[in-house]
Each structure stands twice: as structure tokens, then as C-alpha cells.
Amino acid sequence: MFVLYEEDGAFKAGTVLADNDATLQIENTHGKRVKLKRAHVLLEFREPAPAELLARAEAGAEELDVEFLWEVCGDDEFAFTDFAAEYQGHSPTAVESAAVLLRLHSAPIWFHRKGRGRFRKAPAEILQAALAGLEKKRQQAAAIEHMRAELVAGRLPPELAALLPQALYRPDRNRPEVKALEAACVDSGLSAARLLLACGALASSYDFHYNRFLFEHFPEGVAFPAFDAPVPPTALARADVAAFSIDDASTTEIDDAFSVTPRAEGGWRIGIHIAAPALGFARGSALDAIARRRLSTVYMPGNKITMLPDEVVHTFTLAEGRDCPAVSLYLDLTPGLAIVGEESRVELVPIVANLRHHDIEPLFNDDTVHGDGPDFAWKRELTLLWDLATILEAGRGKAAGNEDRIDYSFSVDWTEDTADGPGRISIGRRSRGSPMDKLVAELMIHANMTWGKLLDAAGVPGLYRAQGGGKVRMTTVAAPHEGLGVDCYAWSSSPLRRYVDLVNQWQIVSVLQDREPAFAPKSAELMAAMRDFELTYAEYAEFQRGMERYWCLRWLRQHDRGEVEATVLRENVVRLSEIPLVFRVPSMPLQMPGSRVRLVVERTDLLDVDVDARFVRTLSEPDPETVTEPGFGFA
């Protein structure tokens, strides 16, 4: 005697070795002996052999038309043996019964199981819905296969093109487009970014990094929403000064300018003039909402995303040839450059010149500042401001000689194409702490300190940078900044570029014009703005560092640098001599920090922003007085 039974969702057959009424001892087709409850037996038969039964039943089930079975089946619940007899028109053989069982079991959409060996045909409306769902899945599977094949062949399916940022940066694995992309990645052996770059979905590796930043921080794009154009104030007194700014050539948001005016009693009146967009729109306006959303201008080599719309920047930037609204701090100096008076005003400031680093620095630098350098326009004013900056620096307890450190400037010519995509990178070097750097930095520090004290004395809250115990933090109350050596430091000098400075300018103007401040003491909105700014500003800075590192790799590839020189920072970490790229060299033996080494660049990866280099030899041991400077971090 043989039996057909179900075990773990599969149909099996075996030979009965012992019949104990309620249970059976059987040997299955694999020779394994099992104990089986009689209730689990679906069919008893004497021929054919169990293995043959299963083989012939499976073949017979394939020949049965499930749709015809559903049509001829009644609406009531039934046993498969009864239906097999009705279908065959005679007492069915074991093979015929088993074939019907297997076919019914394999079509759960058409026949619903109601117990062991028992079924009921699916109602017509349920069947139609299930078939429609099945067809939808079939079509979806076909679409996935089509998209997968297109991607593997190096072509971008239009369905995926419409979903590109989400599929690349935050994939939803339930979407067929993402399933197709993942399948194509498996078949091609490439990551999603590399596959899409090969398919032309990304113009270059630069787009991958830049678009990811936009996806995370500017999901609605970088275009500005509608706003009412600001109207610069006209009922302001015009300052009797000739102000000039000092900025990089690429700067369009000119926040600060200076003036030097002789005093009748001797000495000078130094003006520090800060652009005043706070006079053009108020807190709660559409422009405030824009600035509050962005919180800062985003900088990166070859591009920037401004905090304020270009129209607003153009209205309030300190451009030469215009009288510009400004918040001014005046310092009255004796002939010996001692500060004997200070005054803050809201006024119109005539801007007579926008000086640029590349024009002035060759004429005004460490070698010429007090030497016999050539005469040029603004030499007297710049020299005086540098002398004042040196005194202010010493007054903070931070006086120091010129440090042998380098700043790097990145410039991208987008009109040129390279093998890695649009953009040819140039990386310039300039000494950090140059006379121009110092005079601007010291005067800004003094203004931010002075206006921070002004707010504190008036009982008006502001946003301060404080440092204690080496930790820098932001606070809404005045607190010392140990690193700068000042009693308080309120960012106020870049209101076109940072929301914190704009907030502080509203508060400063309210004090100077004796008005209600935009933010009252203990304002929850002020605390929220401070918290959001800290997080966002740090993320923007991290993105800028990452893009500078990316362009360093582009520079290496652009110049086809095989061998390079580097300085050891620590252990196996080096910084290249020509550009500020920092990375690890696992093959390098232990070196003293400051050692110069020669490396061979073996691989650069613009998507992972990584570089592999091999140590060649040591060029020199470190100078004991060498100062190690940081560079751009490594992954």
C-alpha cells in the first residue's frame, strides 16, 4: 500500500510499512522513514510506485487547463478526489487524482484552499481582481527587465531619468525603477553612481556630488520663490567719507568697506562700514523667510548658492560708485593711533573703490608694507589700517610674527572641458596672514566685539560666538571668546552672507534708531535660529571641504601627476606640497612629522573622492622649527 500526503507545504508519497490505525509508519521516496498521522493522508493507492506517481502526476497537471477547471467547477466547497471523478467521468486512477490535486494547488488565484485536499473556486469578482493584479505584476516585471537591459547596455531608460535624484541618493526599493537599477548594478558589477555615469545620466562626477548636496539641502531647487523687491532707505544722512572695500575677485556680496579721514585736531577717523540689508526688509517678510531657510551662502570651488537673491545682493552690496546703506563704526585715533572715541551710525556711505586682492597684493605685502615699495592709490590708507590692525591684534594679546602658512584659492573655468567633464581647475597659493588679511580681520573683530557690547549694554539679545576651555559655541548672551581674546564677539560683519549677522544687524539698528528689537529677550525664535544656523553652517562647511578635496583630485588628473612630493603630518598621513590634499599612504614606513617624501599616485577615484599612492623615498628629514598645518581631511 502506498500513500500521498502533504508535508511542509509539499506533496510527497511513500510506502506504508506499518498501519497503526491513527498513525502510519512509512518510507518516503528518499528512503527516509517517517511517522505520519492518518489524517494527513490525502490518497491511498496500490499503483504505480510512489516516485512514479509523483512524476506522472506532475506531467498530467501541466496538461490541465486551469481556466477550464474553474469554469466546470461548482460554487460549493469540494474534495479533489470528487472533482477528479467528475472531471474524468469515471473513477479516476491515482495518477489522475493526484494530477488534479497538484493543478488545483498550483492555482491559488483560481481555487482557494479550505483544508487538506479541499478547495473552493474563487468568486468571479475576486478572481478578476487577482488576475488584474497578476497582469500588473507581469507587466512590471517586464518593465523592470527592459530597464535593466537598457542600463546594462549603457542607455538610460526615460522612466529612471524622471526619478534620478531619488533613485541615486535615497532609493525606494519598492519602486520598479530602483529594482531595475539594483539588478543592473549586480549584472554590470558597478555601483549605482558609476553605472549612471556610464549611461550619461550624470554629466560628470561633479554632478554626482553637487546634485546630492542639492537633494539633501535644496530639494526644491536653488531658485528663489517670489518676493517683494526691497526698497533701500533714502532718508539717511550721507557720510562725508570716501570708502573702499577689499575683496577677492570673485566676491559679489561685498559686506564691508573702510574709510580713512583726517581729523582737524590731528589723527584720523577710521570708518568700518557694513552693508545694511536689514534696512531693506524686516523680520517676518518673504525675504526674511528666504534667508531663514538658507541661513548662509554656500561656497564651493567654481560656484556658490547665495543666501539672498541676486536682486537683493545687488541692491545692498557695497559697490563702487554708489551711496550704499550701511551700519558704520567710527574709531577716532590720535596721531599715535590710540583710540580716543567710538561712534556707531546708520547712514549712506559713498563707496569710491572696490579693491581686489590680485591687484593690490603685489603692491601691498609683507615686503612692501613698510619698505620702499612703489606708490599706488590707497597705499597711505592701507598702511595706516595695517598699523592699526597690528595694535588691535596686540591689544587682544594675540600679537605674533607672520606665520609661514599658505591659503589656497580654487578657480574653475567652466568654459573648458576635460576628460573628467566640464571645468578646468586652477589652485592658487597665497601666504596666510598677509597685511591685507590682517587689517580686514582685525577691524572686523573689533567691530563685532564693539557691537556685541552695544547690544549687551542695551539689554537687547544677539547671537554671539563664545569660547571657553577650547570649545566654541553660540549663545544669545555676551560671553568671552578666549581664542580671540575679546570679552564678547557677535557676528555682525557679513549680513549679506550669514543669517546670524543679519539678525544681529536688525538688533543693532534697533538700538541705534531707538526702536523695538526684532527679537525680544529670551525669544524662542532667536534660539531656534541659532540652533539651526549652527547645524546648517557646519554642513555647508563640510560640503565645501569635500568639494575642495574633489577638485584637488581633478587637479591631479588634469596635470597627469604621477610622482608627487608631500609632507608627513602624522603616521601614514601626508599633505601634498602643491595642493592642500591630505590622505593616507599605507605603504609608507614610519616617518617623523614634517618629513618630505616622494610618492607615486596610482589611482584617483572622483566618485569616492579618494586617492591611492605608493611611497617611493624620503626626501628630507623635518626641520625642528617646522610648523605643521592642517589640510583637507581624508575619507
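Basis for what follows: all heavy atoms, side chains included, without hydrogens, waters or symmetry-related copies.
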How are the rings of [X] and [Y] set to each other: parallel, tilted or perpendicular (split at 30° and 60°)?
{"X": "Phe213", "Y": "Phe218", "result": "tilted"}
{"X": "Trp378", "Y": "Phe244", "result": "tilted"}
{"X": "Phe208", "Y": "Tyr169", "result": "tilted"}

Discussion item. Distance to the ring centre below 6.0 angstrom and angle to the axis at most 45 degrees; does that hold for Arg294 and Phe224?
Written reply: yes
Worksheet item: Is it true that the NZ or CZ of Arg263 lies under 6.0 Å from the centre of Trp268's six-membered ring and within 45 degrees of the ring axis?
Response: no
Roughly how far apart are [X] [atom1] and [Y] [atom2], rounded to 0.5 Å?
{"X": "Ser245", "Y": "His273", "atom1": "OG", "atom2": "NE2", "answer": "11.0 Å"}
{"X": "Glu393", "Y": "Trp386", "atom1": "CD", "atom2": "CH2", "answer": "9.0 Å"}
{"X": "Leu331", "Y": "Leu385", "atom1": "CG", "atom2": "CG", "answer": "10.0 Å"}
{"X": "Asp247", "Y": "Thr252", "atom1": "CG", "atom2": "OG1", "answer": "9.5 Å"}
{"X": "Ile579", "Y": "Ile406", "atom1": "CD1", "atom2": "CD1", "answer": "14.0 Å"}
{"X": "Phe543", "Y": "Tyr550", "atom1": "CZ", "atom2": "OH", "answer": "11.0 Å"}

Item to complete: Please name all residues satisfying side-chain hydrogen bond (donor to acceptor under 3.5 Å, both in side chains) with Glu565, sequence neighbours left out, ordered by chain then number.
Response: Arg596, Arg598
Worksheet item: Mind checking what makes side-chain hydrogen bond (donor to acceptor under 3.5 Å, both in side chains) contact with Tyr489, not counting sequence neighbours?
Response: Asn448
Can you tell me if [atom1] on [X] sees more than 12 non-hydrogen neighbours from other groups inside 6.0 Å?
{"X": "His559", "atom1": "NE2", "value": "yes"}
{"X": "Asp248", "atom1": "CG", "value": "yes"}
{"X": "Glu265", "atom1": "CD", "value": "yes"}
{"X": "Met444", "atom1": "CE", "value": "yes"}
{"X": "Gln513", "atom1": "CD", "value": "yes"}

Worksheet entry | Backbone of Glu525 reached by a side-chain donor or acceptor of Ser523 within 3.5 Å | yes
Using every non-hydrogen atom in the two residues, find where [X] and [Y] come nearest and quote the distance to one decimal.
{"X": "Leu502", "Y": "Ala291", "answer": "CD2-CB, 4.1 Å"}
{"X": "Asp501", "Y": "Arg498", "answer": "OD1-NE, 2.7 Å"}
{"X": "Leu455", "Y": "Pro461", "answer": "CD1-O, 4.4 Å"}
{"X": "Ala275", "Y": "Ile254", "answer": "CB-O, 3.9 Å"}
{"X": "Asn303", "Y": "Tyr210", "answer": "ND2-OH, 3.4 Å"}
{"X": "Asn504", "Y": "Gly462", "answer": "OD1-CA, 3.4 Å"}

Between [X] and [Y], does any side-chain N to carboxylate O distance fall below 4.0 Å?
{"X": "Arg356", "Y": "Glu361", "answer": "no"}
{"X": "Asp420", "Y": "Arg557", "answer": "yes"}
{"X": "Asp332", "Y": "Arg269", "answer": "yes"}
{"X": "Glu548", "Y": "Arg545", "answer": "no"}
{"X": "Glu343", "Y": "Arg345", "answer": "yes"}
{"X": "Arg170", "Y": "Glu216", "answer": "no"}
{"X": "Asp407", "Y": "Arg429", "answer": "no"}

Taking the side chain as every heavy atom from C-beta outward, state whether [X] and [Y] have any pair of such atoms under 4.5 Å apart.
{"X": "His209", "Y": "Val609", "value": "yes"}
{"X": "Val349", "Y": "Asp323", "value": "no"}
{"X": "Phe258", "Y": "Ile270", "value": "no"}
{"X": "Ser426", "Y": "Phe410", "value": "no"}
{"X": "Pro277", "Y": "Gln505", "value": "yes"}
{"X": "Met307", "Y": "Leu295", "value": "no"}

Worksheet, complete the sentence: Here the side-chain hydrogen bond (donor to acceptor under 3.5 Å, both in side chains) pairs for residues 527-539, sequence neighbours left out, are Arg292-Asp532
Item to complete: Would you mind telling me which of Val298, Thr297, Val222 makes a side chain to side chain contact (heavy atoms under 4.5 Å, CB included) with Thr306?
Response: Thr297
Item to complete: Assess whether side chain to side chain donor-acceptor pair (under 3.5 Å) is satisfied between Lys304 and Ser250, documenting all intermediate values.
Response: CA-CA 10 Å; Lys304 67 179 178 180; Ser250 62; over 6 Å; no
Discussion item. For Leu308 and Phe316: C-alpha separation, side-chain torsions, deciding distance, then whether side chain to side chain contact (heavy atoms under 4.5 Å, CB included) applies.
Written reply: CA-CA 11 Å; Leu308 292 171; Phe316 291 98; over 6 Å; no
Side chains of [X] and [Y]: donor-acceptor distance under 3.5 Å anywhere?
{"X": "Glu347", "Y": "Ser328", "value": "yes"}
{"X": "Tyr330", "Y": "Ser344", "value": "no"}
{"X": "Asp437", "Y": "Ser434", "value": "yes"}

Worksheet item: Going through the checks in order, is the side chain to side chain contact (heavy atoms under 4.5 Å, CB included) test met by Val500 and Arg465?
Response: CA-CA 10 Å; Val500 165; Arg465 298 280 287 182; over 6 Å; no
Discussion item. Ring centres under 6.0 Å, that's the criterion: do Tyr206 and Trp551 meet it?
Written reply: yes
Item to complete: Report the C-alpha distance between His446 and Glu342 in whole Å, list the side-chain angles of each, state the deciding distance to 0.1 Å, and finish with yes or no for side chain to side chain donor-acceptor pair (under 3.5 Å).
Response: CA-CA 11 Å; His446 192 79; Glu342 294 184 340; 2.7 Å; yes
